[in-house]
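Structure first, then comments.
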Amino acid sequence: MRRVVRQSKFRHVFGQAVKNDQCYDDIRVSRVTWDSSFCAVNPKFVAIIIEASGGGAFLVLPLLKCGRIDKSYPTVCGHTGPVLDIDWCPHNDNVIASGSEDCTVMVWQIPDSGLTLPLTEPVVVLEGHSKRVGIVTWHPTARNVLLSAGCDNVVVIWNVGTGEALVSLDDMHYDMIFSASWNRNGSLICTASKDKKLRVIDPRKMELVAEKDKAHEGARPMRAIFLSDGSIFTTGFSRMSERQLALWNPKSMDEPIALHEMDTSNGVLLPFYDPDTNIIYLCGKGDSSIRYFEITDESPYVHYLNTFSSKEPQRGMGYMPKRGLDVNKCEIARFYKLHERKCEPIIMTVPRKSDLFQDDLYPDTAGPEAPIEAEEWFDGKNADPVLISLKDGYMPSKNRDLHVVKKNILGSKPGGQKKSEPSSTPKPPVSQTPSPANDGKLDEVMKELRSMKDLIKAQGERISKLEDQIASLTLNDTSEE
């Protein structure tokens, strides 16, 4: 019988690296031995962890600042040890969190135009881990909620707005945590650790919901991420050190839904997931390829699509959120591949002849609005992401972003806290910010302040003109005498 090829609109997805003049050159990418992606991207900036003497630093570049990056270009350099992980806030494109070997998590605010001076003062320092912090990841739907996991085997969930740790899971893991991931609405987390266990945890109840021992039998690091339907996708190694990928149902973890063996390379497979298309991209550290798979309800559930191959091995990888893509070119994913000395964007495209908006490729996607506040989430409320249409493209609004920055960074509601085990030390610039009820009043005061400044400026200019006139008149008088 003739074999029927599986129908999929993503069968012909192809990857293409951009031209050299659109790469970011002369960047000393970090050499620290840690299996994170070393790169984080959003529609405004690309952030890259770099080599830094006497501490830890990362670069933050506006997306359009491609070409050669000068050695003197300012960095974010407040950590006293190497930076291990960075993550952009999904609800504010100017806010980034970083975890470091100095045992702290820092949250930074980046100006719209990028950095002009080195940034050494974070908005807030979150202290609570006793060993290096290797994982930071923001809550997908609650504003100001950040998860950090350290080599002290502790997962801490912070309210960044108040700088306090509200949940500390210090007795769940008995070995180093390799990865942590939120589910679609942020009600659960899944973790993979060195003891070869895959865990599903309800962080607010501090309960273990499900657990699988030896999800992958190999000793090398494992990765686990939640998919939009609630299932879990993992990458790891077999007992014979072959790389594996697996799909799990958290309600029945005895056997995987699917388990595939890939190859015998030893680089950790970093999974990047697109919930809109149900495509998973696997990027191996040290590999020179990106493999991609489609997840469906039909057996074998994980369907191989294609491989993007290049010559140079990747040191790390950044993944652009859907709202940062060019919908006019049918771009369904964009990666930022880290080489030893540069960052190279790679564009994944579905070939289409029509120039019209392809609504089957671009269902409504998660936007930058946070549906719930940190306090509501800690009180037990859940919410799915607020979706936006990409039909007319996505343009970040500067005014809206500025408003969100103030609210997002410095806290929006001075609500009561449940727990506060580890302490945190907000930096002096952070002060109590008015609640949303006072926002209108704040705008009025700001408006009046601006008009006063303009008036003073105008009067200053008038004074300098009058002084010039007096000086010229005085000169005339003396010359006549």
Side-chain angles (χ1 to χ4, degrees), residues 6 35 37 135 137 139-140 147 149 153 155 169 172-263 267-284 291-305 319 382 384:
R6 188 181 70 90
D35 289 317
S37 59
I135 298 165
T137 176
H139 193 287
L147 177 150
N153 313 335
V155 173
L169 306 172
M172 294 266 182
H173 301 88
Y174 309 110
D175 215 330
M176 190 192 296
I177 301 162
F178 286 140
S179 83
S181 165
W182 296 95
N183 67 348
R184 178 85 165 154
N185 67 0
S187 59
L188 300 171
I189 58 172
C190 70
T191 63
S193 64
K194 198 174 179 181
D195 58 13
K196 302 180 188 176
K197 287 188 178 179
L198 170 64
R199 295 175 175 86
V200 180
I201 299 165
D202 184 327
R204 289 169 297 191
K205 292 180 181 172
M206 301 174 79
E207 282 178 7
L208 193 63
V209 176
E211 185 179 62
K212 172 62 181 172
D213 194 20
K214 293 186 179 173
H216 295 277
E217 296 196 353
R220 289 190 53 70
M222 200 164 58
R223 283 281 182 282
I225 56 169
F226 264 111
L227 307 187
S228 55
D229 64 355
S231 53
I232 295 171
F233 182 90
T234 60
T235 65
F237 292 80
S238 70
R239 197 181 293 161
M240 305 300 290
S241 290
E242 291 174 301
R243 293 200 289 197
Q244 294 179 321
L245 55 86
L247 193 62
W248 306 85
N249 177 358
K251 292 173 183 170
S252 172
M253 300 266 269
D254 297 335
E255 290 297 322
I257 301 168
L259 178 67
H260 298 285
E261 294 193 339
M262 308 251 296
D263 53 31
V268 175
L269 285 168
L270 305 176
F272 297 94
Y273 173 59
D274 178 3
D276 305 330
T277 57
N278 251 356
I279 295 179
I280 284 184
Y281 303 86
L282 297 183
C283 309
R291 294 182 180 88
Y292 33 109
F293 300 80
E294 187 176 0
I295 311 291
T296 69
D297 298 332
E298 306 165 10
S299 179
Y301 307 107
V302 182
H303 305 270
Y304 171 74
L305 288 173
Y319 179 61
N382 293 322
D384 286 327

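Any value given below was found using the heavy atoms of this structure, including those in side chains, with hydrogens, waters and symmetry copies removed. In this chain, numbering begins with 1 at the start of the sequence shown.
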To the nearest 0.5 angstrom, please state how far the [atom1] atom of [X] sits from the [atom2] atom of [Y].
X	Y	atom1	atom2	value
D229	I295	CG	CD1	9.0 Å
I177	L169	CD1	CG	8.5 Å
L188	R199	CG	CZ	15.5 Å
K194	D175	NZ	CG	5.5 Å
I280	T235	CD1	OG1	9.5 Å
I189	I201	CD1	CD1	4.5 Å

Which atoms form the tightest heavy-atom contact between [X] and [Y], and what is the distance?
X	Y	result
H139	G186	NE2-O, 3.0 Å
A149	V155	CB-CG2, 4.2 Å
P203	W182	CG-CZ3, 4.3 Å
I279	Y292	CG2-CB, 4.1 Å
L270	D35	CD2-O, 3.9 Å
L198	A224	CD1-CB, 3.6 Å

List the residues meeting side chain to side chain donor-acceptor pair (under 3.5 Å) with [X], not counting sequence neighbours, and say none if there are none.
X	value
S241	none
H303	R6, T296
S228	Y273

Pairing residues for F293 by the side-chain contact (heavy atoms from CB on, under 4.5 Å) criterion, not counting sequence neighbours: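 With neighbours one apart ignored, the set is L245, M262, L282, R291, V302, Y304.
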Atom CG of D213: over 12 foreign heavy atoms under 6.0 Å: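 Above 12, so yes.
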Name of the residue among R239, Q244, R243 meeting side chain to side chain donor-acceptor pair (under 3.5 Å) with H216: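 Exactly one candidate clears the test, Q244.
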When you measure from the side chain of [X] to the backbone of [Y], do you find a donor-acceptor pair of N or O atoms at a distance under 3.5 Å?
X	Y	value
S193	H173	no
S181	C190	no
K196	E217	yes

Contacts of type salt bridge (charged side-chain N to carboxylate O under 4.0 Å, His left out), residue R223, not counting sequence neighbours: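 Listed in chain order: nothing, the list is empty.
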Listed pairs under 3.5 Å, donor-acceptor, residues 248-260 side chains, sequence neighbours left out:
residue, atom, partner, partner atom, Å
W248, NE1, T234, OG1, 2.9
N249, OD1, K251, N, 3.0

